[in-house]
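What you see is a predicted model; the values in this text were computed from it and never measured.
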Number of protein chains: 2
Amino acid sequence: MPPASNREAILDAYERLLVEQGERAATVEAVARAAGVSKGGLLYHFASKDELADAAIERLHRVAAECAEEATAQPDGVIEVFLRDAVKTGDPLDLALGAVQALQQSGRYPQAKPALDAVVQGWVDMLTEGLGDPVLARLVAVLGDGLYFGAAFSGGGAGIATPPASEQELDEMIAAVQQLAALRGARG
Amino acid sequence: MPPASNREAILDAYERLLVEQGERAATVEAVARAAGVSKGGLLYHFASKDELADAAIERLHRVAAECAEEATAQPDGVIEVFLRDAVKTGDPLDLALGAVQALQQSGRYPQAKPALDAVVQGWVDMLTEGLGDPVLARLVAVLGDGLYFGAAFSGGGAGIATPPASEQELDEMIAAVQQLAALRGARG
DNA sequence: GTCTATATAGCGATAGAC
DNA sequence: GTCTATCGCTATATAGAC
């Protein structure tokens, strides 16, 4: 990496604040404090709050692309890879995704929705292609959403959704879906 | 209904603003304008913004209880009833749920999370009891979450999640899950 | 490149007229 | 029961010193 100085650290702090406390808490001053710089220091790197948001969206695109590359390279079936990734919390993709989602829900950043849609569309395409069964693909995609929101929201975080499945519960659920996949003669 | 005057109208407007534009947009002034009263008029009925939030949470509890009663009285299987309800948008429960969820994600209302948890716990209990298969019950619950967020977020609304299933896609998905239920010998 | 100080605007809440 | 006017606070953003 080139210098990058505090820029990346500020973005990290911004993402964390967005995910953990929502857009409203992610004030310029709060982000600066969390990143260990002053308000003025932050505003040198990001001239406005909107530029912070744009940078978070840009990072989401980058991280999602990296993860998609890794995922398709894996030996396990698509169902297992996708559902396990859905509950993975704390990794860069989860953070970037949660951050942009917080932006979206604040209603102040119209740029957020298209970005989220693009990321999700990539997953749906991957599943449809990998399974060869559109209905099953959608079922797995929706199940992944449910797991994601369950995992994302029940932590210190926000919202509704059933608690995140334990390791064992997740295993059982994956097994059940694979049971269904076998029954329907899908790949996967 | 007794007088109720503008109180209910204000609550309606508050819920709609929360769901459609997030907590940040639901300022006292904006809510008052949307309800067709002035700021002072609103603050007569709800002495503070927190009282507005409390009233929304109270309404959620009331509406959720009503819906639970209706749901258990229905002849169809739990799977079908639950998954179809998950995508129903615009009804009072959906609105109340989305509103409290917006409150929760803003991070300013600690009262929101327990309320949401209670509502969700009611659903999980209903499914576990109705199906007699804990793994399948969790799978259906998580699937419902996925559908709910898909439906709730892809409209004018907020967030991630795959687009809401069309009528036909939903039918196919329900059929697939019932296929799995039959395979596992669960009640329907 | 990072800081302090400050201008400006918006929001929540109060006071008091009607 | 509903309105207008206004105070106090907080947040964004700018200006300019170091």
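- Salt bridge B:Glu58/B:Arg62: absent, no basic N to carboxylate O contact under 4.0 Å.
- If you measure from atom CG of A:Leu52 to atom C1' of D:dT12, you get 12 Å, rounded to the nearest angstrom.
- Of the side-chain N and O atoms in B:Asn6, one or more sit less than 4.0 angstrom from OP1 or OP2 of D:dT2.
- Between the CD atom of A:Glu29 and the P atom of D:dT14 there is a distance of 16 Å, given to the nearest Å.
- Remark: C1' of D:dA11 and CG of A:Asp50 are 14 Å apart, rounded to the nearest angstrom.
- Ranked by how close their nearest DNA chain D nucleotide is to the 5' end, A:Ala26 and A:Gly40 are led by A:Ala26.
- Atom CG of B:Leu43 is separated from atom C1' of C:dG16 by 15 Å (rounded to the nearest Å).
- Ring pair A:Trp123/A:Phe82 is perpendicular by interplanar angle, where above 60° counts as perpendicular and below 30° as parallel.
- Residues A:Arg24 and A:Val37 both approach DNA chain C. Their nearest nucleotides, taken by heavy-atom distance, put A:Val37 toward the 5′ side.
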- request: Check the pair B:Gln168 / B:Glu172 against side-chain hydrogen bond (donor to acceptor under 3.5 Å, both in side chains), numbers first and verdict last.
  value: CA-CA 6 Å; B:Gln168 194 200 333; B:Glu172 289 168 341; 3.0 Å; yes
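- Here D:dC3 presents its P atom at 13 Å from CZ of B:Arg33, a figure rounded to the nearest Å.
- Counting only heavy atoms from C-beta on, A:Ser38 has its side chain closest to C:dT2 among C:dT2, D:dA13, D:dT2.
- Under 4.0 angstrom from either OP1 or OP2 of C:dG1 there lies at least one side-chain N or O belonging to A:Tyr44.
- Using a 4.0 Å heavy-atom cutoff across all strands shown, B:Thr27 reaches sugar-phosphate atoms only and no base atom.
- Ion pair A:Asp54/A:Lys49 not flagged as a salt bridge, since none of the NZ, NE, NH1 or NH2 atoms sits closer than 4.0 Å to an Asp/Glu carboxylate oxygen.
- Rounding to whole angstrom units, NZ of residue A:Lys49 and C1' of C:dA9 are separated by 15 Å.
- Straight-line distance from the OH atom of B:Tyr14 to the C1' atom of C:dC11: 14 Å, rounded to whole Å.
- Under a 4.0 Å N-O distance rule, the pair B:Lys113/B:Asp117 qualifies as a salt bridge.
- Between the CD atom of A:Glu23 and the P atom of D:dA11 there is a distance of 12 Å, rounded to whole Å.
- Positionally, the nearest nucleotide of DNA chain C for A:Lys39 lies more toward the 5' end than for the other of A:Lys39 and B:Val28.
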